[in-house]
Amino acid sequence: MHLAVALDGVGWHPAAWREPRARPAELLTARYWVDLITEAERGLLDFVTIEDGFSVQSSRTDQVTGRLDAVLIAARAAPVTRYIGLVPTVIATHTEPFHISKAIATLDYASRGRAGLRVKVSRGAAEYAQFGRREPVEAVAPLFAEAADYIEVVRRLWDSWEDDAEIRDVATGRFVDRDRLHYIDFASEYFQVRGPSITPRPPQGQPVVAVLGHDSAPYGHDAMLGHEGVLGHEGVLGHDGVPYAPGDDNSKRGLGLIASSADVGFVTPRDAVHARDLVRRLGDVRVLADLVVFLGRTVDEAAARKARLDERAGYAYTSDATIFTGTPGQLAALLHQWQESGLAGFRLRPGTIPDDLELITRELVPRLQAAGVFRTHYETGTLRGLLGLSRPANRYAASRIA
């Protein structure tokens, strides 16, 4: 079972910053983020994802506002961690693929092969206003088409240096073999990129690309799963800002991007049956189910914390993913049940940090290990290795040899 955590501020609940053990005063410090990521590594997790965006999280004054750059957080954590994968969120709509390819390649060097990126599209008018270079679009189809081209450009740039392009021969004075650097000459409606990159091919060859996709029909999106097994759901905006409603084609755009362009897909199934259908539709991709988790050492403790947070926020927290409230033991049983549907693993979104993060690493993980479904040590030092993904051949080297 592959296991990851999605890190967002002090937790996914908007009132989490008011919990006794929260550290809101440290949110904009490197130490805070290093502490979270090293805790995740202590739990032997495959990777962490780091949320990001170009607009403030909330317009309310009683909720967390402001964040650091996700790629730079990952870069800071790289030299002080050894095994855990680092997957920052990148907004394809407002960034350039040449710049991001270089940044993630650099992260892969800094982490010695543990870099990835989670590609996200932006539909919010506030984010468009930050840049002023384009008008917001109503349709999401062009955004996902642009994201597909974005990923293709990034991947080609990673391959634009062959693995042995750097000779570094002092005696002959040749540092690089120019025949092993390649123009990518990518041209589409969205990008015109010649290449090559200015950063040599990353240690993993291709850092891991992840995408979040939804499928609302016929289940809806918002699911609440408590210890009693009762489910409820309603259509809402996904946390990426794209609207998902039952029967809406928009809900499938992300799934299409996963199938065509990603190594890892995050999905939001309602139950094991829905998860099985998503795995079948997505093909040869590592599919991880997202769950928001509120944990406690007892059922009552978990439920009371969720209720206290909802009361402070003034409304019941909802999510594009299923919300689980219960004990680590109950969550372990649920994950085992859902994994039998063919899921490669799970990305857990801690409702509060550090409480839920520590219950994942210190209570949930040992239960999964005891059941024989989770590692007891890191088997490899690269993210592709942890996920069972081979190091891909360089497309341009193969073409040159052929």
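Side-chain atoms are counted along with the backbone in the values below, which use heavy atoms only and exclude waters and symmetry mates. Since we're looking at a predicted model, the values are computed, not measured.
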Quick one: does any side-chain atom of [X] pair with a main-chain N or O of [Y] as donor and acceptor, under 3.5 Å?
X: Q206; Y: R155; value: yes
X: E26; Y: R31; value: no
X: R276; Y: L343; value: no
X: E41; Y: I84; value: yes
X: R384; Y: L387; value: no
X: D108; Y: Q204; value: yes
X: S390; Y: P392; value: no
X: D169; Y: T172; value: yes
X: W12; Y: A6; value: yes

Q | Cation-aromatic face contact R23/Y32, 6.0 Å, 45 degrees | A |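 No, R23 does not lie over the aromatic ring of Y32.
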Would you say [Y] and [X] are linked by a side-chain donor-acceptor pair, where the criterion is simply a distance under 3.5 Å?
X: S122; Y: E127; answer: yes
X: N394; Y: E162; answer: no
X: T268; Y: D320; answer: no
X: T95; Y: Y150; answer: yes

Heavy-atom check, side chain of [X] versus side chain of [Y], under 4.5 Å:
X: L7; Y: E51; value: no
X: D356; Y: R305; value: yes
X: V208; Y: V87; value: no
X: R347; Y: V5; value: no
X: V209; Y: V264; value: no
X: L278; Y: D215; value: yes
X: I198; Y: W161; value: no
X: W158; Y: I104; value: yes

[X] vs [Y] aromatic rings, parallel, tilted or perpendicular, using cut-offs 30° and 60°?
X: H182; Y: Y396; result: parallel
X: Y378; Y: Y83; result: parallel
X: F131; Y: H94; result: parallel

Salt-bridge contact [X]-[Y] (side-chain N to carboxylate O under 4.0 Å):
X: R395; Y: E152; value: yes
X: R308; Y: E19; value: yes
X: D8; Y: R349; value: no
X: D52; Y: K120; value: no
X: D163; Y: R180; value: no
X: R281; Y: D277; value: yes

Q: Verify salt bridge (Lys or Arg N to Asp or Glu O under 4.0 Å) between R134 and E146, making sure each step is shown before the conclusion.
A: CA-CA 13 Å; R134 56 195 294 185; E146 180 184 47; 3.1 Å; yes
Q) Are D62 and R312 close enough, and set up right, to give a salt bridge (Lys or Arg N to Asp or Glu O under 4.0 Å), and what steps lead you there? A) CA-CA 9 Å; D62 63 342; R312 285 175 175 168; over 6 Å; no
Q.
Would you say that more than 12 heavy atoms from the other residues, nucleotides or ligands in this model lie under 6.0 Å from the CZ of R82, or not?
A.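 No, CZ of R82 has 12 or fewer neighbouring heavy atoms, counting only those of other groups under 6.0 Å.
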Q: In sequence, state the C-alpha distance, the side-chain angles, and the governing distance for R362 and E39, and then conclude on salt bridge (Lys or Arg N to Asp or Glu O under 4.0 Å).
A: CA-CA 9 Å; R362 305 179 189 189; E39 177 64 32; 2.8 Å; yes
